[in-house]
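Let me begin by presenting the structure, written as structure tokens, before commenting on it.
Each residue takes its place number in the sequence, starting with 1.
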Amino acid sequence: MTANRIQPKLIIHGGAGSSLKGKGGAEVVRRSLYKVVEEVYALLKEGATAQMAVVHGCQLLEDDPRFNAGTGSVLQSDGQIRMSAALMDGTAQRFSGVINTSRVKNPIELAQFLQTSDDRILSDFGSAELLRELQFPLYDPMTELRLKEWMLEREGNFNKAMAGVVAEQELVSEAGRGTIGVVVLDSQGNIAAGTSTGGKGFERIGRVSDSAMPAGNYATVNAGVSCTGIGEDIIDECLAAKIVIRVTDGLSLLGAFERSIKEAHINKRDLGAIGLDAEGAIAWGKTSEVLLAAYHTGEKMGDTLEMPEEMGVLSA
Ligand code: GLY
């Protein structure tokens, strides 16, 4: 294996929300996030590529029913689960993804397969055909809690704007903005970003999430960003691509986050973002009250769960 040239960096998120209720709840989420950070960082230390590490991190987060992606995805207005996921390799500057895919355990694996395909973004019917072609086993990502949540909302005629972000009702209040995301700088200096979601919850059939668009997930050789929050707000800001391109054009990661989050704030958006750059700086920003993010700098782990600040950066 090639000798490590630089110290890998990692940041992940499990969505954003409107409030944290109870430290017991925050601790549960913190444990979930740190477990993923530890496992993915260990892979990076063994020499895993940024793309491999992102896919593995997304798989772990998709498998945790606490987060709105893969198992534990929220239900749409018709009671069905349709998930979206994207992977961007910053070195190849190549985006791939699936939109509104069903009956698969890990949508990020489809995005990974599509990285080397001529057709790199597939929607519902096409992704179902791909699943069949790849002989992935059929999987039902529905959980009891999500079903209960949908039934309650149905009784209320779907008045809520969005479903809850995490499974614990006591942790985050009803208006949630769930998605998961992973951004990595590997030991060879490659950057990759991955994002996966069950969507907003209770949305119209056919609604398309930001998570499988460059607005919600983007990377170049210079930086990578994954977003969470209200998809429509993220798309209107073109947030991930905007931050990454600002860095690519010469702004610091902090400067790019500051400018972009300020604009999102002025425009009254409800969102959050995590990112890192090729120099090894790690950053996050939000207009929502809470961002469920955790990171590894190579020296230490940390998180943003109880941070009131709109943004933060850890210099390389
Ligand atoms: N950010 C996830 C969604 O709105 O679909």
Side-chain angles (χ1 to χ4, degrees), residues 9-21 23 25-26 29-30 33 37 67-68 161-162 164-166 171-183 193 195 197 200 210-211 215-219 223-247 249 251-277 279-297 300-316:
K9 306 281 175 178
L10 165 68
I11 183 159
I12 70 171
H13 72 75
S18 59
S19 71
L20 275 167
K21 289 188 178 169
K23 285 203 189 307
V29 172
R30 183 168 286 126
L33 292 175
V37 167
F67 305 118
N68 173 22
M162 267 185 103
V165 64
V166 292
L171 178 69
V172 174
S173 76
E174 52 283 358
R177 299 96 173 145
T179 300
I180 63 94
V182 179
V183 190
T195 305
T197 190
K200 279 199 298 192
D210 63 290
S211 297
N217 188 78
Y218 199 69
V225 169
S226 166
C227 299
T228 178
I230 306 271
E232 284 70 6
D233 286 0
I234 296 165
I235 294 165
D236 288 348
E237 292 298 311
C238 201
L239 189 64
K242 179 156 75 174
I243 295 173
V244 170
I245 287 163
R246 279 180 163 157
V247 175
D249 283 349
L251 221 59
S252 68
L253 187 68
L254 176 63
F257 263 83
E258 266 174 359
R259 198 177 289 184
S260 307
I261 294 294
K262 191 172 162 203
E263 287 166 356
H265 201 90
I266 291 167
N267 293 332
K268 299 189 170 39
R269 309 299 191 192
D270 190 348
L271 47 75
I274 58 167
L276 47 72
D277 70 11
E279 312 303 318
I282 295 174
W284 61 87
K286 61 181 168 69
T287 59
S288 57
E289 289 83 350
V290 180
L291 176 63
L292 309 180
Y295 55 83
H296 205 309
T297 64
K300 62 174 173 115
M301 287 198 295
D303 67 78
T304 67
L305 290 185
E306 286 157 306
M307 276 191 186
E309 297 85 12
E310 268 202 342
M311 103 193 54
V313 71
L314 294 156
S315 312

Would you please name every residue forming a side-chain hydrogen bond (donor to acceptor under 3.5 Å, both in side chains) with E310, sequence neighbours left out?
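For E310 the side-chain hydrogen bond (donor to acceptor under 3.5 Å, both in side chains) partners, ignoring immediate neighbours, are H265.
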[X] to [Y] - nearest heavy-atom pair and separation:
{"X": "T228", "Y": "A16", "value": "OG1-N, 3.5 Å"}
{"X": "V244", "Y": "A223", "value": "CG1-O, 3.6 Å"}
{"X": "S252", "Y": "V247", "value": "O-CG2, 4.2 Å"}
{"X": "A215", "Y": "C238", "value": "CB-CA, 3.9 Å"}
{"X": "T179", "Y": "S211", "value": "CG2-OG, 3.6 Å"}
{"X": "E306", "Y": "A26", "value": "OE2-CB, 4.1 Å"}

Is there a salt bridge (charged side-chain N to carboxylate O under 4.0 Å, His left out) between K286 and E309? Walk through the geometry before answering.
CA-CA 8 Å; K286 61 181 168 69; E309 297 85 12; over 6 Å; no
To the nearest 0.5 Å, tell me how far [X] [atom1] sits from [Y] [atom2].
{"X": "L239", "Y": "D210", "atom1": "CG", "atom2": "CG", "result": "9.0 Å"}
{"X": "S226", "Y": "Y218", "atom1": "OG", "atom2": "OH", "result": "15.0 Å"}
{"X": "N68", "Y": "K200", "atom1": "CG", "atom2": "NZ", "result": "12.5 Å"}
{"X": "D236", "Y": "K268", "atom1": "CG", "atom2": "NZ", "result": "14.5 Å"}
{"X": "E258", "Y": "I243", "atom1": "CD", "atom2": "CD1", "result": "11.5 Å"}

Examine distances only and state if a side-chain atom of [X] and a backbone atom of [Y] form a donor-acceptor pair shorter than 3.5 Å.
{"X": "T195", "Y": "N217", "answer": "no"}
{"X": "D233", "Y": "D270", "answer": "yes"}
{"X": "K9", "Y": "D277", "answer": "no"}

Do the non-hydrogen side-chain atoms of [X] and [Y] ever get within less than 4.5 Å of each other?
{"X": "I234", "Y": "I230", "value": "no"}
{"X": "S288", "Y": "L271", "value": "no"}
{"X": "L305", "Y": "L33", "value": "yes"}

Using side chain to side chain contact (heavy atoms under 4.5 Å, CB included) as the criterion, list what pairs up with [X], not counting sequence neighbours.
{"X": "L314", "value": "I282, W284, Y295, T297, K300"}
{"X": "N267", "value": "E237, R269"}
{"X": "A293", "value": "H13, I274, L291, T304"}

Qualifying residues under ring-ring contact (aromatic ring centres under 6.0 Å, His included), relative to F257, sequence neighbours excluded:
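So F257 forms no ring-ring contact (aromatic ring centres under 6.0 Å, His included) with any residue.
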For E263, which residues count as a salt bridge (charged side-chain N to carboxylate O under 4.0 Å, His left out) partner, sequence neighbours excluded?
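E263 satisfies salt bridge (charged side-chain N to carboxylate O under 4.0 Å, His left out) with K242, R246 only.
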V37: which of V182, I11, I12, D303 passes side chain to side chain contact (heavy atoms under 4.5 Å, CB included):
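Of V182, I11, I12, D303, side chain to side chain contact (heavy atoms under 4.5 Å, CB included) with V37 is met by I12 alone.
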